[in-house]
Amino acid sequence: MTTNENGSYIGKVAFVTKAASGIGRATALAFAREGASVVVADVSEPSNQETARMIEELGGRALAVSCDVTHKTVKWMEQVSNEQYRA
């Protein structure tokens, strides 16, 4: 994802899979710190919700979706993300 002219991700939406822990969580938090709204996706719903809560505590916007990433699921998550952040 490219940054804005000022080098931030403000106004952008990052979609991060495996966001419930580890590198996925760290990536989601990093995007949030740089101003992106973040859609966090993982099969582990409680941990995924925790990642979203952590982003919101940083002052960011987060949407947690519980899913097993397949082509069909990714299309659905794209639709949900667009509805949430483009409205």
Original post:
Side chain of Arg25, backbone of Glu50: donor and acceptor closer than 3.5 Å?
Top reply: no
Original post:
How long is the gap from OG on Ser81 to CH2 on Trp76, to the nearest 0.5 Å?
Top reply: 8.5 Å
**OP:** Write down the atom of Val40, the atom of Ala28, and the distance for their closest heavy-atom approach.
**Re:** CG1-CB, 3.8 Å
Original post:
Does any N or O in the side chain of Thr51 come within less than 3.5 Å of the main-chain N or O of Ala19, such that one atom is a donor and the other an acceptor?
Top reply: yes
**OP:** Rounded to the nearest 0.5 Å, what's the gap from CD on Glu83 to CD on Glu78? Could you check?
**Re:** 11.0 Å
Atom pairs and distances, donor-acceptor, side-chain atoms in residues 56-63, under 3.5 Å, two or more places apart:
from: Glu57; atom 1: OE1; to: Arg53; atom 2: NH1; distance (Å): 3.1
from: Glu57; atom 1: OE2; to: Arg53; atom 2: NH1; distance (Å): 2.1

**OP:** Tell me, with the steps shown, if Ile55 and Leu29 meet side chain to side chain contact (heavy atoms under 4.5 Å, CB included).
**Re:** CA-CA 6 Å; Ile55 290 169; Leu29 292 169; 3.8 Å; yes
Subject >> Heavy-atom check, side chain of Lys18 versus side chain of Ile23, under 4.5 Å >> reply: no
